[in-house]
Every structure is written in structure tokens, then in C-alpha cells.
Amino acid sequence: MHSTLADDLALLPELLRSARDFAVRELAGVAERPVVRTGRAPGHDPLPVDGTGAEGALARFAERWAPGFSGSAGPRYLGFVTGGATPASITGDWLTSAYDQNVSGAAGSWAAALERETVGWLRELLGLGEAHSGAFVTGATMSNTVGLAVAREWLGERLGVDVSRDGVFALGPVDVLSGSPHSSVTKALSVLGIGRDRLRQVPVLAGGREAVDVARLDAALGELGGRPAIVVANAGTVNTVDFDDLRAVAALRERHDFWLHVDAAFGGFAALSPAHAHLVDGLDAADSVCVDLHKWLNVPYDAAVQFTRRRDLQTRVFHNSSPYLGLPTGDPDFLHLTPENSRRLRALPAWFSLLAYGSAGHREIVERNVALAHRLGEGIAALPGLRLSAPVRLNVVCFTLADDPTRDRVAALADAVAATGEAFLTPTVHDGTPALRAAFSNWRTSEADTDRVLAALASVPV
């Protein structure tokens, strides 16, 4: 063993204490540090021949890189849809690295069984039934990709071809319909060989809505002449958190042949709140569902789940044929269910957080975030020079300049807010007009934080 490695192993308790103390200091100050860092990063250092040891690496990181990291885990980082990491999930994440389990299969460890238990808890939390099986993946993009890969195999089943063996060309042109699809859907279609341009955007409801017009979807499906298709429904769009009428969309299967995939990356967590659970009514009817945990479940990044009713088709797509791995059984190992073979125990941080805070604790996060989004929306509506682009439906505030909202002027507003160090917002285009989004999904965010964001908006010229 290399001498530095041997020394670090002997000093491991002290090293972990140093890392713990450093992490505690960083987290303790996350609410007051600048939310984003815009300065130039250091230049590249050469790779050392002789290492510094872990203590030296920690010291170098603290000096050279840590000052440039954003406060994305903090309460006023409202860009994208960014959760923080609950204390329990951080604990689970550290143990994930310490145990370093490969959850490709169940042999020799209980880790896979823990993932199955966690998936079961999440299924219950989201109101899905026993027919839905699930597996952890890296994020919403991979969850959508896996769901659409299973949908692609279903199309083959309907058309009498085996896509996993014959290739996607055997299907011929594939029809994918959606009202306001997330960009990860077109990325998934590219990866899967279906093609970005095979996505047909169906008109949405009038009045600035992002929810699909079900009657127009019905008509679009009717134009296919009975050819099976894929429908991607949305349970929470990124701009305004609009929800397709999932029950009505699912009912169209009485007349049309299609696979229903629901992108519920963060909107699915509306199920936790009795006041908003109606928004995801019909989610259980989906053939596949995308849920992203490092958003509103507030676990560290690299955590999402893909659910499907057709695990047999999922196994057909992703099974790994090898003598040393064995064939899929009635309860397939995870290496037969996702693109990865080797995979870390992503479920452990979620398991810790779900057990530590229960459904009630996570419901409180959701409901508080929704209330804070409404608070910010009301404040923005009262500010001269700004206007809401859409009503605040759940946890995202979409707004723009009251006059001349060009892309450059809206981007300048976002940059000016970021320069205050108080908040971070991300740009979008809603109903053809450039706008900004403030997404509330962090468990730390409070009324005081929301008021500071509003003050930052009020302080910059528009």
C-alpha cells in the first residue's frame, strides 16, 4: 500500500472529523454567503506526482475552490427547481460513500432490499399502486429516458416487433405527443433513436395555460388512424407548474392506443398536500412515471426514481446477459432495470429522510414552499416595473418586466439580482415572452428569505 494511503487509513477518524467540521462550517453559513459566485475560477494546476494526503487535499480545496462554490443548497437559490439536502439525507449520503455498496444486484448485501423498501415508501407517498415497480436513477432526465425506453418496447409489442433485438428502425416512424414537454423529453427521444422531431406538441389550453387541451389531444390521436403512440403528460410544468388533466388524458385510451408517460419530476409531490393532491389525480393510471427526488424531496443530487407498470418490458430493454450475472428472475436485480450495471446506493439518503421526517415532515416542506411562492408572487405583483406572467399555481413564480420584456432586458434583471448576492433566478420564455422563474423547493426557505428576495428585486433598476 502506498505510504500516503496507509497514513490516511490510520488517520481516518481524524480525517472524517476534519471533513465534518469543515462541512458544518460551510452549511452553517450557507444562508448568508453569496447565493451565486460569478468571478473567474482558478487556472488548472498540474497533477501532483507525490500526493498531499487527505488533510492536504482538504486544506487546498478550502483555500482554492470552496470560495467559488454557490449557495445552491441555501434558502434563496431559487433558480431551476433546486432542493437542499435535509440533515438526515446528508447523514445517509455520507454513509452511502462509507459503505460503498454496489447495488447492481441482491447477492451478498441487504442494500438492494433497502432500495426496494424506499421505492415502496415513495410509491405510497405519491399515491401509486402496487402495480407500479420502481428503481433509482440519477435524475429526471434519466428517469424520462428509462420510461420512454419502456414505452418504445411497448410500441414494438403492439406492432409485433422486438425493438430490443431488432432495433428502433423496426418500428418505423414513432408518434410522441405532448402539450408542454420538458427539454429532457426531446433529449431522451434523441438518445433512444426515436428522434427529436418525432415529438408533436399538441396545443395547450387558452389564457397562458401550459396544460394540454385534451380535446385537441383526442383529435391528434384520432389522426393516427389507430397506430399506437406515446403520450407524455405533465404533472407540473417548469414555468408555471401547470398540470395536465391526467384522468381525462388516461380516459382517451378507451378510444386510442397509446402509452401514457407522466413527467412528475417535482409536481408529483403535490400529492403530499391535501389542498393540492387533486392536481395529480390520475397519476396511478400512468404506464410510467418520472419523479425527481433531489428537487422537492430535498435529498442530495443524483437521486430520482422511475416507475412503470410493465417491469417485464423494462427487463427486456435493460437486462444484462452474462454468465456471471445470471438471468432476470421474477424480482429482477436492478442491473436489469436501468442503463447502469454498477450503481451506488442512491436510495439511502432518501430512506434516511423519509424515516427521519415521515410523510408529515415532507408535507410541511411542500406546503410551506407553496405558501412562500404565493407570498413572493403577491409582492412582485405590487412592484412597479414587474408583472406576473401567470398565476402562482404551486411553488414557482413566473414573472417579467411590465414594459418591453426583451430577452436582453430580462437577462439583465436576472444578472442584477444575482450581483446582489441575495438571490438567484433563472430565465425562461412563457407564452412567447421572456420571463424569470423563482422556484421554491428548499426546506430551509422562510418568510424572511422570501422578503429578502423581494427586496433584492425592488433594489435593482428595471
Side-chain angles (χ1 to χ4, degrees), residues 80-83 85-86 89 115-151 178 181-185 188 232-238 241 243-244 246 250 259-273 276-277 279-311 314 334 337-339 343 346-351 353-354 357 359 362-363 365-366 369 394-396 439 441 443:
F80 310 106
V81 183
T82 306
T86 60
S89 71
E115 179 166 333
R116 295 187 197 283
E117 177 171 271
T118 310
V119 167
W121 288 352
L122 290 165
R123 184 173 57 218
E124 178 183 349
L125 202 69
L126 296 166
L128 299 175
E130 292 291 332
H132 282 98
S133 62
F136 271 71
V137 290
T138 56
T141 299
M142 187 52 65
S143 182
N144 279 327
T145 301
V146 171
L148 292 171
V150 184
S178 186
H182 188 264
S183 59
S184 63
V185 172
V232 178
N234 292 292
T237 57
V238 294
V241 205
F243 287 74
D244 291 342
L246 301 179
W259 176 278
L260 177 57
H261 175 77
V262 177
D263 184 348
F266 68 96
F269 289 97
L272 276 69
S273 170
H276 301 98
L279 295 170
V280 290
D281 182 41
L283 184 64
D284 186 52
D287 297 298
S288 54
V289 179
C290 159
V291 182
D292 199 344
L293 307 184
H294 53 235
K295 291 182 169 66
W296 226 350
L297 195 70
N298 281 258
V299 300
Y301 272 101
D302 192 38
V305 173
Q306 185 280 322
F307 289 100
T308 185
R309 288 177 170 272
R310 292 296 305 272
R311 190 168 61 178
Q314 185 173 3
F334 288 115
L337 298 176
T338 72
R343 54 202 295 279
R346 297 186 181 99
L348 191 55
W351 184 92
S353 207
L354 289 168
Y357 311 120
S359 59
H362 288 281
R363 180 178 68 244
I365 295 171
V366 167
N369 284 163
L394 203 66
N395 64 318
V396 174
S441 48
W443 69 275

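In what follows, every heavy atom counts, from backbone to side chain, and hydrogens, waters and symmetry copies are set aside. Because the structure is a prediction, the values reported are computed rather than measured.
Side chain of Trp351 to main chain of Glu115: no donor-acceptor pair is present (N/O by atom type, distance under 3.5 Å, no hydrogens or angles). Under the 3.5 Å distance criterion, the side-chain polar atoms of Gln314 are matched with a main-chain donor or acceptor of Leu337. Of the possible polar contacts, none joining the Ser89 side chain to the Ala350 backbone as a donor-acceptor pair under 3.5 Å is found. At distances below 3.5 Å, not a single donor-acceptor pair connects side-chain atoms of Thr145 with backbone N or O atoms of Ala188. A donor-acceptor contact shorter than 3.5 Å is absent between the side chain of Asp244 and the backbone of Leu246.
Using modelled atom types and a 3.5 Å distance limit, the side chains of Trp296 and Asn395 yield no donor-acceptor pair. Defined by atom type and a distance below 3.5 Å, a donor-acceptor pair is present between the side-chain atoms of His294 and Asp292.
Ser441 contributes atom OG, which lies 6.5 Å from atom CG of Asn369 (distance to the nearest 0.5 angstrom). To the nearest 0.5 angstrom, Lys295 atom NZ is 10.0 Å from Phe269 atom CZ. Here the straight-line distance linking atom CG of Leu293 with atom CG of Asn298 works out to 10.5 Å at 0.5 Å rounding. Interatomic distance, Ser288 OG to Phe307 CZ, rounded to the nearest 0.5 Å: 11.5 Å. Annotation: the span from Leu122 atom CG to Leu128 atom CG amounts to 9.5 Å, rounded to 0.5 Å.
Here the closest non-hydrogen pair linking Ala271 and Val280 is CB-CG2, 3.7 Å. Smallest separation of non-hydrogen atoms from Met142 and Val137: CG-CB, 3.8 Å. Nearest heavy-atom pair, Ser353 versus Val299, reported as atom, atom and distance to 0.1 Å: CB-CG1, 4.4 Å. The heavy-atom pair separating Ala439 from Phe80 by the smallest distance is CB-O, 2.9 Å.
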Apply the test side-chain contact (heavy atoms from CB on, under 4.5 Å) to residues Val232 and Leu148: give CA-CA distance (whole Å), side-chain angles for both, the deciding distance (0.1 Å), then the verdict.
CA-CA 9 Å; Val232 178; Leu148 292 171; 4.0 Å; yes

Evaluation steps, side-chain contact (heavy atoms from CB on, under 4.5 Å), between Trp259 and Thr308
CA-CA 11 Å; Trp259 176 278; Thr308 185; 3.8 Å; yes

Yes or no on side-chain contact (heavy atoms from CB on, under 4.5 Å) for Leu354 and Leu297, after CA distance, side-chain angles and deciding distance?
CA-CA 9 Å; Leu354 289 168; Leu297 195 70; 4.0 Å; yes

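Ring geometry for Tyr357 against His362 counts as perpendicular: the plane angle is over 60°, on a 0 to 90° scale with 30° as the lower cut.
Between Val146 and Pro339, the closest side-chain pair of non-hydrogen atoms falls below 4.5 Å. Contact annotation: the side chain of Ser143 never approaches that of Val305 to less than 4.5 Å [non-hydrogen atoms, C-beta and beyond]. Under the 4.5 Å side-chain criterion, counting only non-hydrogen atoms from C-beta, Ser178 is in contact with Asn234. The closest side-chain heavy-atom distance from Leu272 to Leu125 is below 4.5 Å. Side-chain contact between Glu130 and Arg123 is present, with heavy atoms from C-beta onward closer than 4.5 Å. Contact of the Leu394 side chain with the Phe266 side chain is not registered, since no non-hydrogen atoms from C-beta on lie closer than 4.5 Å.
None of His261, Gln306, His182 except one satisfies the side-chain hydrogen bond (donor to acceptor under 3.5 Å, both in side chains) rule with Asn144; the exception is His261.
Between Arg309 and Asp284, at least one side-chain N (NZ, or NE/NH1/NH2) sits under 4.0 Å from a carboxylate O, which counts as a salt bridge.
At least one cation-pi condition fails for Arg343 and Phe136: the charged atom is not both under 6.0 angstrom from the six-membered ring centre and inside a 45 degree cone around its axis.
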